[in-house]
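Notes for the one structure printed next.
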2 protein chains.
Amino acid sequence: MNMQTRTPPSSLPDNSYGFSDRIQQQLDHAGRLCALQGGRMTAQRRDVLGLVLSATTPVGAYDLLEQLKTSGRKPAPPTIYRALDFLLEHGLIHRIERLSAFVPCTHLLHDHAHDHSHDHTDACLHSAQFLICRNCGGVTEIADAPRVLDVLKNICGKKNFTMQSASVEVEGLCEDCTHSTTGQKGHTPTPN
Amino acid sequence: MNMQTRTPPSSLPDNSYGFSDRIQQQLDHAGRLCALQGGRMTAQRRDVLGLVLSATTPVGAYDLLEQLKTSGRKPAPPTIYRALDFLLEHGLIHRIERLSAFVPCTHLLHDHAHDHSHDHTDACLHSAQFLICRNCGGVTEIADAPRVLDVLKNICGKKNFTMQSASVEVEGLCEDCTHSTTGQKGHTPTPN
DNA sequence: AGAAGTAATGTAATATTATTACATATCATT
DNA sequence: AATGATATGTAATAATATTACATTACTTCT
């Protein structure tokens, strides 16, 4: 292996990055979700997901690459892209096309008291809607808007188009940035 | 200048590429539209738009670059990106984020017997919806689906999000490709 | 027409994002 | 332990996009 990093050895599962308890819970939940789909949540993938979960705004692949380097690994682009592909395929993250960057699926971010795995899979796999703020860079997933997807399904039905995935990206100014006159990156986007 | 190309000098407006009559009409219409917005439709921009109009599937920036080289010019990337930016800003083309490629705005493709300029500007500027076929590469703009945009506006209203632009991209199989069992790129996408 | 200012284009270099191809290692099962 | 499948390492390169600065062309004003 190559685990002679500065991070102290831990009995917890693979916490090379000192992820917060909350994020570790999310990671555990993600692990369960992808196990259900027959996927293997390796340490590498877990770390990448953890980094995406830790960010307050979408993260680029090469950003992640840099961050991964601070651990004991020396990853190259394919490493990160493979991890991202895996996470995308299992609906754990989404790609924001307009930013070439990645965010966690919102379902991972909320409470996991009950088993919402079915909801998650149904709703998130390869489809998502986002509000992207041009000022603060914050991105909000609008998972509570099934209507959008319904309308799209309807249209596709009429046109005999077989929908496999869909993305909706709205760019503009979030509530906070709309009201701030400063024109500066005036606030921290509401964290995930 | 640099107009010693093989293309014979023409009395028609800048038809370096031998665009069809239909495309020239569309180009003329586009010229009128962007004049209304105070834009200058130069020969370069016209040629780029013509090439986008001529393609049956979305075209990448570097594809266009190659094609432009066959004329008397020796363009570099900024040339093409500037032209594309101009055309985007004036709602004459759209960018398909998932493909990093460009298509003409559907409003240019249909008949221009009457003045739909207002419709065009309202509807196309910075917002569009697409069905993207993974098999044949064809892309259909669904301009007849204001409902999608309405739903989005509604959501943004509730969240106090100021929408500046929106894109909806649905990926899957078009009607023809859904029905063809071949698994091959079995047909030419319905032309623009 | 000539001068001045603005808008557009040319050019070289480089940044950013993503993939290919092939070697090695790890895991799960027998 | 041997096998096959899955995952990761590594080097090279492809594809997409931007920066910074020089030059040219258009427009307007006198």
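What's counted below: heavy atoms across the whole structure, side chains too, no hydrogens, waters or symmetry copies. Each chain gets a letter, A, B and so on, in the order the sequences are listed, and its residues count up from 1.
- For R40(A), counting side-chain heavy atoms from C-beta on, the closest listed nucleotide (dT6(D), dT9(C), dA7(C)) is dT6(D).
- The interatomic distance linking L65(A) (CG) with dT10(D) (P) rounds to 12 Å, in whole Å.
- The phosphate of dG9(D) (OP1 or OP2) has a side-chain N or O of Q44(A) nearer than 4.0 angstrom.
- When rounded to the nearest whole Å, the span between NZ of K69(B) and P of dT11(C) equals 12 Å.
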Tell me, for nucleotides 13-24 of chain C in 5' to 3' order, what letter each nucleotide earns: B for a base near a protein heavy atom under 4.0 Å, S for only sugar-phosphate near one, - for neither? ----BBBB----
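- For dA8(C), the OP1/OP2 oxygens have no side-chain nitrogen or oxygen of T42(B) closer than 4.0 Å.
- Here the P atom of nucleotide dG10(C) and the CZ atom of R45(B) are 11 Å apart, to the nearest Å.
- Phosphate contact (OP1/OP2 of dT9(C), side-chain N/O of R73(B), threshold under 4.0 Å): absent.
- Applying the side-chain hydrogen bond (donor to acceptor under 3.5 Å, both in side chains) rule to pairs touching residues 151-160 of chain B yields E175(A)-N160(B), sequence neighbours excluded.
- A salt bridge does not link D85(B) with R45(B): none of the charged nitrogens is closer than 4.0 Å to a carboxylate oxygen.
- With axes fitted over five pairs at each extremity, the angle between the ends of the helix from dA1(C)-dT30(D) to dT30(C)-dA1(D) is 30° (10° resolution).
- Going from atom NZ of K74(B) over to atom P of dT11(C) covers 8 Å, rounded to whole Å.
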